[in-house]
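Chain letters run A, B, ... following the sequence lines, proteins first, then strands; residues in each count from 1. Computed from a predicted model, the values in this text were never measured in an experiment.
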Amino acid sequence: MEQNVFDMFKSRGLVAQATDEDAIRDLLSKEKVTFYTGFDPTADSLHVGHFMQLIIMRHMQKAGHRPIILLGGGTTMVGDPTGKTDMRKMLTQEEIQHNADEFKRQMSKFIDFSDGKALMVNNADWLLKLNYLDFLREIGVHFSVNKMLAAECFKSRLEKGLSFIEFNYMLMQSYDFLRLRREYNCKMEFGGNDQWSNIIGGVELNRRCDSADVYGLTFTLLTTKEGKKMGKTEKGAVWLDPEKTSPYEFFQYWRNIDDAEVQNCLKLLTDIPLEEIENIDMTSGASINAAKERLAFELTSLVHSTEDAEKALSTAKNLFSGDMDAEHMPSTVLNADIVADGKAAILDVLVGAGLAASKGEARRLVVQGGISVDGDKIDDAAATIALDKLKNGAIIKKGKKIYHKVSIL
RNA sequence: GGGAGAGUUCCCGAGUGGCCAAAGGGGACAGACUGUAAAUCUGCUGCUUUAUAGCUUCGAUGGUCCGAAUCCAUCCUCUCCCA
């Protein structure tokens, strides 16, 4: 008999909190369970933060259970205050719909929606129609303000100020669970560990309204060792959409991960057997690097494709071993008007390629020795690149790891 | 509704009329060292072809003044106390 999915989650360190471990293990081994995870469509692409939830749903589906993706078309209009220090920007209904559509497209890569094997529902379907008084009388009675205020997730907001609209988020999420159980016999809610309060709210609501036993399970959050959420870079989130974060950049994000995170990420995000992960020699740089490469490769193939992962890997190998491989690196085609007298100023090229935000920044980069063109270091801010070089495509290296091909029309 | 206070550059935070493009810290970026890691050290951090120069910036708008982040008026947002 195969290992119970729940035990598999546990052994890989995925589980953070569970409402009733034994009951959950039991339920998952006895029947095909319908469970749900909510996603708030606040941006037009999924990012690494959602990734782990998708992996989990995929595992569940493989084990024969039925996932419901709950799009928070309604809740997004309110904004989850959990862990946020500021109020969220309000989105219009059109924006939310657009984002939800994009989510669906990206998710079908991980989850099989055919033949009702997985469902996607939108809580806007019921939340938008709610009548305020009915809602208060049916749902509101079951929530204790005292209890909510004591919850950890509101603490930080109580210092900064919390508006009433956000305070209601928890009720709405709890109500979602009630609706999903009533309509789809959904018995479990999954989420990141930051969702714990919201999830137990829903579990309790089901019990109070219908005396129904349902369960909640939260998963470890992917965080860096400073406790920040993973998947954020200076430029923003690492997206799953190749248009927003190219497979190469995606690959490099994982390739450059902190030593201390490698094993954890392998456990949480890949299917590589546990023993193998635990046997990685963490004392040698070479073996750690090999593990990072493996991680990056596995994840890139999952999110994009094996082909993309291979391309990213070979591009990276070539670049870092000194060979110029211009094929898969980010590139920019510049307008001919930056060329004067058969050459273009290096500063203009840097700004044009988006490698520097302003000429001042570009100058700094050059002066500090951070720029090479076709392997030759440039240290003079007045330097130029000859037109024929640009025509063939010049490879600019910024810092240690950023390569960019620049050519001209 | 009454009273008190706050809004400064990516973030925190100093600055109460010229010496302010604005201290300090964090972050980011670049360099050295490394393993495409971390830690450490150094540089750097509004824009403008170099600048002892010019321009834009200190919640918003208008005003006082030779000169405003700093003073005045109105407005907006937030926090705290009382109701």
S.K.: Between N123(A) and M172(A), is a side chain to side chain contact (heavy atoms under 4.5 Å, CB included) present by the stated rule, with each step listed?
M.R.: CA-CA 9 Å; N123(A) 65 14; M172(A) 308 186 83; over 6 Å; no
S.K.: Write down the distance between CG (N256(A)) and C1' (rA28(B)), rounded to a whole number of angstrom.
M.R.: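 Whole-Å distance recorded here is 16 Å.
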S.K.: How about CG on D341(A), more than 12 heavy atoms from neighbouring residues, nucleotides or ligands closer than 6.0 Å, or not?
M.R.: no
S.K.: Pairing check on rG5(B): which nucleotide meets the Watson-Crick or G-U wobble criteria with it, both distances under 3.5 Å?
M.R.: rC78(B)
S.K.: For rA51(B), does the glycosidic angle fall within 90° of 0 (syn) or outside that (anti)?
M.R.: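 Judged by the O4'-C1' to base torsion, rA51(B) sits in syn, the angle falling within 90° of 0.
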S.K.: Would you mind reading off the distance between K317(A) atom NZ and rG35(B) atom C1', rounded to a whole angstrom?
M.R.: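 These atoms are roughly 14 Å apart.
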S.K.: Looking at K401(A), does any N or O in its side chain come under 4.0 Å of the phosphate oxygens OP1/OP2 on rA37(B)?
M.R.: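 For rA37(B), OP1/OP2 do have a side-chain N/O of K401(A) under 4.0 Å.
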S.K.: Taking atom C1' in both rG67(B) and rU79(B), compute the distance separating them and give it to the nearest angstrom.
M.R.: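 Looking at atom C1' only, rG67(B) and rU79(B) are 34 Å apart.
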S.K.: Please state the P separation for the pair rA14(B) and rU8(B) - nearest whole angstrom.
M.R.: 11 Å
S.K.: Using a 6.0 Å cut-off, check whether atom NZ of K391(A) has over 12 heavy atoms from anything other than its own residue.
M.R.: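 12 or below, so no.
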S.K.: With C1' as the reference atom in both, quote the distance from rU57(B) to rA22(B) in angstrom, rounded to an integer.
M.R.: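 Here rU57(B) and rA22(B) have their C1' atoms 10 Å from each other.
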S.K.: Between D40(A) and Y169(A), does any side-chain donor sit less than 3.5 Å from a side-chain acceptor?
M.R.: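 A donor-acceptor contact under 3.5 Å links the two side chains.
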S.K.: Looking only at side-chain atoms of K400(A), point me to the closest of rA37(B), rG31(B), rU36(B).
M.R.: rG31(B)
S.K.: Does rC10(B) have a Watson-Crick or wobble partner in any strand here, with both distances under 3.5 angstrom, and which is it?
M.R.: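 Across any shown strand, rC10(B) pairs with rG26(B).
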S.K.: State which of rA37(B), rU36(B), rC44(B) makes the closest approach to the side chain of D258(A).
M.R.: rA37(B)
S.K.: Using atom P of each nucleotide, how far apart are rA38(B) and rC44(B) to the nearest Å?
M.R.: 23 Å
S.K.: Tell me, with the steps shown, if I199(A) and F190(A) meet side chain to side chain contact (heavy atoms under 4.5 Å, CB included).
M.R.: CA-CA 8 Å; I199(A) 290 175; F190(A) 285 10; over 6 Å; no
S.K.: Let's test this: given Watson-Crick or G-U wobble pairing with both distances under 3.5 Å, identify the partner of rA73(B).
M.R.: rU61(B)
S.K.: Nearest nucleotide by nearest heavy atom, which residue falls closer to the 5' end of RNA chain B, G399(A) or R255(A)?
M.R.: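 First, find each residue's nearest nucleotide; the 5'-ward one identifies G399(A).
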S.K.: Just the rounded figure in Å: distance from P of rA37(B) to CH2 of W254(A).
M.R.: 17 Å
S.K.: I'd like a list of close polar pairs between nucleotides 46-49 of chain B and the protein, N/O only, cut-off under 3.5 Å.
M.R.:
| residue | atom | partner | partner atom | Å |
| --- | --- | --- | --- | --- |
| rC47(B) | OP1 | S358(A) | OG | 2.7 |
| rC47(B) | OP2 | R364(A) | NH2 | 3.4 |
| rU48(B) | OP1 | K359(A) | N | 2.9 |
| rU48(B) | OP2 | G360(A) | N | 2.9 |

S.K.: Is it true that atom CD of E278(A) has more than 12 heavy atoms of other residues, nucleotides or ligands lying nearer than 6.0 Å?
M.R.: yes
S.K.: With a non-hydrogen cut-off below 4.0 angstrom, is I288(A) in contact with a base, only sugar-phosphate, or nothing?
M.R.: base
S.K.: Base, sugar-phosphate alone, or nothing: which one does E293(A) contact when heavy atoms must sit under 4.0 Å apart?
M.R.: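 Result for E293(A) = nothing.
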S.K.: Could you tell me which nucleotide pairs with rU40(B) by Watson-Crick or G-U wobble geometry, both distances under 3.5 Å, or answer none if nothing does?
M.R.: rA32(B)
S.K.: Check the distance between rG35(B)'s P and E261(A)'s CD and give it to me in whole angstrom.
M.R.: 21 Å
S.K.: Expressed as a whole number of Å, how far does the P atom of rG46(B) sit from that of rC11(B)?
M.R.: 14 Å
S.K.: Quickly work out the F320(A) CZ to rU36(B) C1' distance and round it to whole Å.
M.R.: 4 Å
S.K.: Taking the P atom of each, how far is rG17(B) from rA51(B), in whole Å?
M.R.: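 rG17(B) and rA51(B) have their P atoms separated by 33 Å.
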S.K.: Y253(A) OH to rA37(B) P: how many Å, rounded?
M.R.: 15 Å
S.K.: What do the steps show when you test V366(A) against L350(A) for side chain to side chain contact (heavy atoms under 4.5 Å, CB included), and what is the final call?
M.R.: CA-CA 10 Å; V366(A) 171; L350(A) 288 172; 3.8 Å; yes
S.K.: To the nearest Å, how far apart are D259(A) CG and rG35(B) C1'?
M.R.: 8 Å
S.K.: Do the rings of F167(A) and F164(A) sit parallel, tilted or perpendicular, given the 30° and 60° boundaries?
M.R.: tilted
S.K.: Determine the interatomic distance between C1' on rA60(B) and the same-named atom on rC81(B); round to the nearest Å.
M.R.: 27 Å
S.K.: Rounding to an integer number of angstrom, what distance separates rG13(B) and rA83(B) when you compare their P atoms?
M.R.: 30 Å
S.K.: Are Y36(A) and Y184(A) an aromatic pair by the rule of ring centers under 6.0 Å?
M.R.: no
S.K.: Can you measure L355(A) atom CG to rC29(B) atom P for me and round it to whole angstrom units?
M.R.: 13 Å
